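Contents: one structure, followed by commentary.
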Amino acid sequence: MLDVEMIMSNPELVKKILGKRGFEVDFSGFIELRERRAFLIKQIEEVRALRNKLSKSIGEYKREKKDTKELFDEIDKIKDSVDKDEEELGKVEELINEFLLKLPNLPDEDILAGDKENNAVVSVNKDKPVFDFPIKDHVELATSLGLIDYERAAKISGRGTWIYTGLGARLEWALINFFIDEHIKDGYVFLMVPHLLNYESGLTAGQFPKFEEDVFWLQEESPKKFLLPTAETALINVHRNEILDVNKLPKKYFSYTPCYRREAGSYRSEERGMIRGYQFNKVEMVQFTTPDNSDDAFLELMIKAETLMKKLGLHYQVSKLAAGDISFAMARTFDIEVWLPSIEIYKEVSSVSNSRTFQARRGMIRYRNEDGKVEFVHTLNGSGLATSRLLPAILEQNQNSDGSVNVPEVLVPYLGGIRVLQKVK
RNA sequence: GGAGAAAUACCCAAGUCCGGCUGAAGGGAUCGGUCUUGAAAACCGACAGGGCGUGUGAGCGCCGCGGGGGUUCGAAUCCCUCUUUCUCCGCCA
């Protein structure tokens, strides 16, 4: 949610900034609605003030056993005059809200306008791995090493799914455990959250109303619930409708959850295997901070995500996303993209974002500053990391000519000392 | 899944039967002070927050007793509805 005062005081500026995303708006109708709202509120409140005064007098008169006829006559005069205004106000506010909920966040000043093509690589880790043998893609590697079973997954569920089998499951779990341990070391609080969330949570996180079609809904539940598309949706809502103590900020959380996404129509040919599925694993970090601390928090999340990648020894690049590629609720996003040698493409394994006050406004997530004033927190999130996408990259980047795969050093302890994934005889 | 009870401020809790002097008793916590070498205790004092509107401002007004709706001149209090929590029964990892 954007700041209404900002829109009202400088609609042209807001329009211009949203334009960086390629988002077209016309605020003229909105401004009229806001003006109408102010007018109606004034009318309604005047009548209510009078009515309250008279009602109070009736109470007093009755106690003193005085005649109240005069007061009732006066009240009769104003009795129904607010009903119509109240009804109109309700409608006006609904329209205002609807409009506001459709506006995406304002990209930060340093964010480039335009779409994907304006994403900028800001750093690269390690050189591209070179192979002196014909390489295999992760589907081939995972299948031949007995790590993943796609066919049986299709049997028990459907397309866009897979089963981690044996060592494959252990490798995936090793990644998750490694990340969990790293985050705990850094002082982040581990939360295990519900996977079924209510509408309000999706609204605060910024998924709704625009992306209601992108998540899985449970038909039977009332009120309706959806499967979380990322742990962020749950984590961000932990402090919804709360006023936090400034001394307890920043709050740092992380969670591991599967992420459930419909991914309707988004499948591309190179995304076979585990690159895109209806369910994938991800460890997610979230911070609630004061505005002052928000840029530092962003940097911290970036460094944390990158550190994990470096420890895994993978070749990746960091992209600063252009305005049009930044998701709806965010003001800035940097992606960490891992190299997949088989398709010669970098694929996102982490997305670190700052929503500034966008989510906080939607969810009324606030804090009391040193002066006792209540302000919105900044909310940030970052994957740390998407394990299901990492596993293919590890297989492909670490493959040997005989079809075996070297386990990243940091994962060896989590795999009971196994250093090389080899074909089972 | 069935039956019942409840939701009041930072926490506990009264008020709800019988609508008006209740934007809400009392206690705790917190903050400030007295006392003390310091602390504790005791005592004194402060303590509804928040949203919205209006005003340069002190302020004034509107809305707030789980959410939404209704009855009424007037609702914490009466009615409807939803949500959540607790207790008991059933089922179950």
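The model shown is predicted, which means the values in this text are computed figures rather than measured ones. Values below: all heavy atoms of this structure, side chains included; hydrogens, waters and symmetry mates excluded. Note on naming: letters A, B, ... go to the chains in the order of the sequence lines (proteins, then strands), and numbering restarts at 1 for each one.
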For [N] versus [M], give the span between their [atom1] atoms, rounded off to a whole number of Å.
{"N": "A75(B)", "M": "G19(B)", "atom1": "P", "answer": "13 Å"}
{"N": "C89(B)", "M": "G26(B)", "atom1": "P", "answer": "41 Å"}
{"N": "C80(B)", "M": "U72(B)", "atom1": "C1'", "answer": "16 Å"}
{"N": "A9(B)", "M": "A25(B)", "atom1": "C1'", "answer": "13 Å"}
{"N": "C12(B)", "M": "U30(B)", "atom1": "C1'", "answer": "15 Å"}
{"N": "A14(B)", "M": "G67(B)", "atom1": "C1'", "answer": "24 Å"}
{"N": "G68(B)", "M": "A7(B)", "atom1": "C1'", "answer": "15 Å"}
{"N": "A41(B)", "M": "G59(B)", "atom1": "C1'", "answer": "42 Å"}

[X] side chain N/O closer than 4.0 Å to the phosphate oxygens (OP1, OP2) of [N]?
{"X": "Arg37(A)", "N": "C52(B)", "answer": "no"}
{"X": "Arg51(A)", "N": "C63(B)", "answer": "yes"}
{"X": "Asn52(A)", "N": "C62(B)", "answer": "yes"}
{"X": "Asn241(A)", "N": "G50(B)", "answer": "no"}

Partner nucleotide, any strand, of [N] [Watson-Crick/G-U, under 3.5 Å]:
{"N": "A7(B)", "answer": "U83(B)"}
{"N": "C88(B)", "answer": "G2(B)"}
{"N": "C62(B)", "answer": "G51(B)"}
{"N": "C31(B)", "answer": "G45(B)"}
{"N": "G57(B)", "answer": "none"}
{"N": "A76(B)", "answer": "none"}

Would you mind reading off the distance between [X] atom [atom1] and [N] atom [atom2], rounded to a whole angstrom?
{"X": "Glu242(A)", "N": "G50(B)", "atom1": "CD", "atom2": "P", "answer": "15 Å"}
{"X": "Leu40(A)", "N": "G61(B)", "atom1": "CG", "atom2": "P", "answer": "22 Å"}
{"X": "Met8(A)", "N": "C52(B)", "atom1": "CE", "atom2": "P", "answer": "14 Å"}
{"X": "Ile96(A)", "N": "G53(B)", "atom1": "CD1", "atom2": "P", "answer": "10 Å"}
{"X": "Arg366(A)", "N": "C10(B)", "atom1": "CZ", "atom2": "P", "answer": "11 Å"}
{"X": "Asn247(A)", "N": "U30(B)", "atom1": "CG", "atom2": "P", "answer": "15 Å"}
{"X": "Phe39(A)", "N": "U54(B)", "atom1": "CZ", "atom2": "P", "answer": "13 Å"}
{"X": "His239(A)", "N": "C10(B)", "atom1": "NE2", "atom2": "P", "answer": "16 Å"}

Flag the pair [X] and [Y] as a salt bridge only when some basic side-chain nitrogen lies within less than 4.0 angstrom of an acidic carboxylate oxygen.
{"X": "Lys136(A)", "Y": "Glu396(A)", "value": "no"}
{"X": "Arg37(A)", "Y": "Glu88(A)", "value": "no"}
{"X": "Asp108(A)", "Y": "Arg356(A)", "value": "yes"}
{"X": "Asp245(A)", "Y": "Arg368(A)", "value": "no"}

Nearest-neighbour nucleotide for the Ile41(A) side chain, C73(B), G51(B), C52(B) considered: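 So the nucleotide nearest the side chain must be C52(B).
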
Closest nucleotide among C62(B), G53(B), G50(B) to the Arg48(A) side chain: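 So the side chain of Arg48(A) is nearest to C62(B).
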
Which atoms of nucleotides 18-22 of chain B (N or O only) lie under 3.5 Å from a protein N or O atom, and what are those distances?
unit_1 : atom_1 : unit_2   : atom_2 : d
G20(B) : O2'    : Arg63(A) : NH2    : 2.5
G20(B) : O6     : Lys62(A) : NZ     : 3.2
G20(B) : N2     : Ser55(A) : O      : 2.7

Both Ala49(A) and Arg34(A) contact RNA chain B. Which one's nearest nucleotide lies toward the 5' end?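 The residue whose closest nucleotide sits nearer the 5' end is Arg34(A).
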
Between Glu45(A) and Glu5(A), which is nearer to the 5' end of RNA chain B once each is assigned its nearest nucleotide?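 Upstream on the strand: Glu5(A).
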
Evaluate the ring planes of Phe216(A) and Tyr278(A), with Trp represented by its six-membered ring, and classify them as parallel (under 30°), tilted (30 to 60°) or perpendicular (over 60°).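 If you compare the ring of Phe216(A) with that of Tyr278(A), the planes turn out perpendicular.
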
Show your reasoning for whether ring-ring contact (aromatic ring centres under 6.0 Å, His included) applies to Trp217(A) and Phe208(A). CA-CA 13 Å; Trp217(A) 288 94; Phe208(A) 306 154; 5.3 Å; yes

With a 4.5 Å cut-off on side-chain heavy atoms, are Tyr256(A) and Lys282(A) touching?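 Side-chain contact under 4.5 Å: no.
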
Who pairs with Phe99(A) by ring pair (Phe, Tyr, Trp, His ring centres under 6.0 Å), at least two apart in sequence or on another chain?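 Testing Phe99(A) for ring pair (Phe, Tyr, Trp, His ring centres under 6.0 Å), a comparison that skips the adjacent residues, returns Phe27(A), Phe30(A).
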
Mind telling me whether G67(B) is syn or anti, cutoff 90° either side of 0?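 Anti for G67(B); the angle lies over 90° from 0.
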
May I ask you to decide if Thr290(A)'s main-chain N or O and Ser294(A)'s side chain share a donor-acceptor pair within less than 3.5 Å?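 Side chain of Ser294(A) to backbone of Thr290(A), a donor-acceptor pair under 3.5 Å: no, none is there.
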
Do you know the tightest heavy-atom contact between Ala360(A) and Val377(A)?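 In this case the closest contact between Ala360(A) and Val377(A) is CB-O, 3.3 Å.
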
